[in-house]
Number of protein chains: 2
Amino acid sequence: MEREEELKVVEDYMREKGLRWTSQRRLIADAAFSTHDHFSADDLLDMCRKLDDRVSRATVYRTLGMLEDAGFVEGLDTGDGGRKFEHVLGHEHHDHMVCTNCGTIIEFVDEELEARQEAAAKKFGFQIKTHSLKLFGACKDCRE
Amino acid sequence: MEREEELKVVEDYMREKGLRWTSQRRLIADAAFSTHDHFSADDLLDMCRKLDDRVSRATVYRTLGMLEDAGFVEGLDTGDGGRKFEHVLGHEHHDHMVCTNCGTIIEFVDEELEARQEAAAKKFGFQIKTHSLKLFGACKDCRE
DNA sequence: ATTGATGCAAAAGATTTGCAAACTG
DNA sequence: CAGTTTGCAAATCTTTTGCATCAAT
């Protein structure tokens, strides 16, 4: 999906909800979608300010919250009290390995893993809507 | 495993590491093991203070960190910046299915799932210390 | 006696909030 | 215009840290 197209999706969502499509919301969404790297709220603030320094930290947090609620962006705990976000709109599902030493995040997909989850859920008559799998530990550069 | 026995395990661990077995460490470990419910650092401080109010918040955090490092207690991010801990010593590892309708939490274990995670990590040279798998959806009483 | 552990209060980091001013529909 | 949204700074919340004092070995 093109960047413009993604922004349109967000704009439509906002308008449908009766929310206003302001220049800072557009800027923040644009920055958030500009990469598939994981970014902190502060990283996002920096990205925005490179383009236009009339964006406040508060607005970044407020907008990020909306994007997360809408499912356009996903926040993940880094295990040390912080959170990183990632661009989800238009991207496939994947799980994460989080290095608790350097903070690196590795994305991976394992079909077998997905299948086993379904199997486990079936045993309990549980219907999975979404799931979150995070492996915490040391990445190959940080293990001793 | 009996409570006394669990405390002995912790005491032995501490002594082996050359750490001191103080009255507050015993108190904190005792409180942390008194339940299998999830508790925050603050909850734990309260639990401790009901028994003896000569425990400081700082010591609770410091001790909780050790118990976590030792694998006696496990911390989980609550997604809102906070963390909850749970008694793990003497309890089997398990993952969670969370019913987003009624809030029921089902604990489950699947050996194959555990094995696949290790396999996936190995591919990236990643060393797993802990992991968190949560399935969100509808439990059998809530699915339509 | 040593040396690690504690308590306190201050510091730090991340996120939220109150409010007047600025902007959108 | 009315009602939202913004920026700023102050306020929260959770966790960590410096340091003088206290206690375990």
Side-chain angles (χ1 to χ4, degrees), chain A residues 7 10-32 38-46 48-49 51-70 73-85 98 100 103, chain B residues 7 10-32 38-49 51-70 73-85:
Chain A
L7 286 177
V10 178
E11 179 177 349
D12 290 347
Y13 167 87
M14 294 275 186
R15 292 195 191 285
E16 236 167 80
K17 287 245 171 186
L19 300 166
R20 291 174 182 177
W21 189 234
T22 64
S23 62
Q24 23 288 77
R25 284 180 183 173
R26 189 194 156 88
L27 187 62
I28 292 166
D30 199 12
H38 298 269
F39 53 84
S40 64
D42 214 60
D43 294 335
L44 186 56
L45 178 65
D46 286 344
C48 290
R49 287 205 163 144
L51 302 170
D52 186 332
D53 62 2
R54 280 167 305 172
V55 192
S56 70
R57 181 181 259 77
T59 298
V60 167
Y61 275 103
R62 287 187 274 233
T63 305
L64 212 32
M66 303 175 122
L67 295 177
E68 199 180 359
D69 286 343
V73 144
E74 194 170 287
L76 29 136
D77 293 300
T78 50
D80 64 327
R83 277 154 88 216
K84 294 257 176 167
F85 300 84
V98 183
T100 51
Chain B
L7 286 178
V10 179
E11 179 177 350
D12 289 348
Y13 168 87
M14 294 274 185
R15 292 196 191 284
E16 235 167 79
K17 286 243 170 184
L19 300 166
R20 291 174 184 178
W21 188 234
T22 64
S23 61
Q24 20 293 73
R25 283 181 184 172
R26 189 193 155 88
L27 186 62
I28 294 165
D30 200 13
H38 299 291
F39 53 84
S40 66
D42 214 58
D43 294 334
L44 187 55
L45 179 64
D46 286 342
M47 292 192 263
C48 289
R49 286 203 165 148
L51 302 171
D52 188 331
D53 63 1
R54 280 167 304 171
V55 192
S56 70
R57 179 180 262 80
T59 297
V60 166
Y61 274 104
R62 286 188 277 232
T63 304
L64 212 33
M66 303 176 122
L67 295 177
E68 199 180 1
D69 287 343
V73 143
E74 195 170 286
L76 316 162
D77 291 300
T78 50
D80 62 327
R83 278 154 87 216
K84 292 257 178 171
F85 299 84

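Residue numbers start from 1 in every chain, and the chains themselves are labelled A, B, ... in the order their sequence lines are given, proteins ahead of strands.
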**Asked** Taking the nucleotide of DNA chain C with the closest heavy atom to each, which residue, B:L19 or A:L19, is nearer the 5' end?
**Response** B:L19
**Asked** Got a donor-acceptor contact below 3.5 angstrom from the A:D43 side chain to the A:S40 backbone?
**Response** yes
**Complete:** What one should report as the nearest heavy-atom pair of A:F39 and A:A32 is CE2-O, 3.7 Å
**Request:** Return the minimal non-hydrogen interatomic distance between B:V55 and B:V60, and the atom names on each side.
**Result:** CG1-CG2, 4.0 Å
**Asked** Distance from A:Q24 atom CD to A:R62 atom CZ, nearest 0.5 Å?
**Response** 10.0 Å
**Message:** So, does B:T22 get its side chain near the phosphate of C:dT6, meaning an N or O under 4.0 Å from OP1 or OP2?
**Reply:** yes
**Fill in**
In the 5' to 3' direction, the nucleotides of DNA chain D bounding the stretch that comes under 4.0 Å of a heavy atom in chain B are D:dT14 to D:dT25
**Message:** Could you tell me how far apart A:F85 (CZ) and C:dA14 (P) are, to the nearest whole angstrom?
**Reply:** 12 Å
**Prompt:** Under 4.0 Å between a side-chain N or O of B:R57 and OP1 or OP2 of C:dT6?
**Reply:** no
**Message:** So if I take every side-chain heavy atom of A:R20 and compare against C:dG7, C:dA5, C:dG25, which nucleotide ends up nearest?
**Reply:** C:dG25
**Step-by-step side-chain contact (heavy atoms from CB on, under 4.5 Å) determination, A:L19 to A:R25** = CA-CA 10 Å; A:L19 300 166; A:R25 284 180 183 173; 3.8 Å; yes
**Prompt:** OP1 or OP2 of C:dT16 sitting under 4.0 Å from any side-chain N/O of A:Y61?
**Reply:** no
**Atom pair distance, as rounded to whole Å: NZ in B:K17 and C1' in C:dA5** = 17 Å
**5' priority, DNA chain D, between B:S23 and B:A41 [closest heavy atom]** = B:A41
**Item:** Any A:R15 side-chain nitrogen or oxygen under 4.0 Å from OP1 or OP2 of C:dG25
**Value:** yes
**Asked** Where do B:L44 and B:I28 land on the side-chain contact (heavy atoms from CB on, under 4.5 Å) test, with the steps shown first?
**Response** CA-CA 7 Å; B:L44 187 55; B:I28 294 165; 3.9 Å; yes
**Prompt:** Closest heavy-atom contact between A:L27 and A:C48?
**Reply:** CD2-O, 4.0 Å
**Request:** Scan B:R25 against the nucleic acid and name what it touches under 4.0 Å (heavy atoms): base, sugar-phosphate only, or nothing.
**Result:** sugar-phosphate
**Whole angstrom value for the distance that separates P of C:dC23 from CZ of A:R26** = 18 Å
**Request:** State whether B:Q24 places a side-chain N or O below 4.0 Å from either non-bridging phosphate oxygen (OP1 or OP2) of C:dG7.
**Result:** yes
**Asked** With A:Y13, which of A:E11, A:E16, A:K17 fulfils side-chain contact (heavy atoms from CB on, under 4.5 Å)?
**Response** A:K17
**Complete:** All heavy atoms of B:A29 vs all of B:L67, minimum pair found to be CA-CD1, 4.2 Å
**Prompt:** Within this structure, what is the CZ-to-P distance between B:R54 and C:dA5, rounded to whole angstrom?
**Reply:** 19 Å
**Message:** Expressed as a whole number of angstroms, how long is the span from B:I28:CD1 to C:dA5:C1'?
**Reply:** 11 Å
**Asked** Which whole-number value in Å describes the distance from B:R83 CZ to C:dA14 C1'?
**Response** 14 Å
**Message:** Quick check on the helix from C:dA1-D:dT25 to C:dG25-D:dC1: what's the angle between its two end axes, five base pairs per end, to the nearest 10°?
**Reply:** 30°
**Steps toward side-chain contact (heavy atoms from CB on, under 4.5 Å) verdict (B:W21, B:V10)** = CA-CA 9 Å; B:W21 188 234; B:V10 179; 3.8 Å; yes
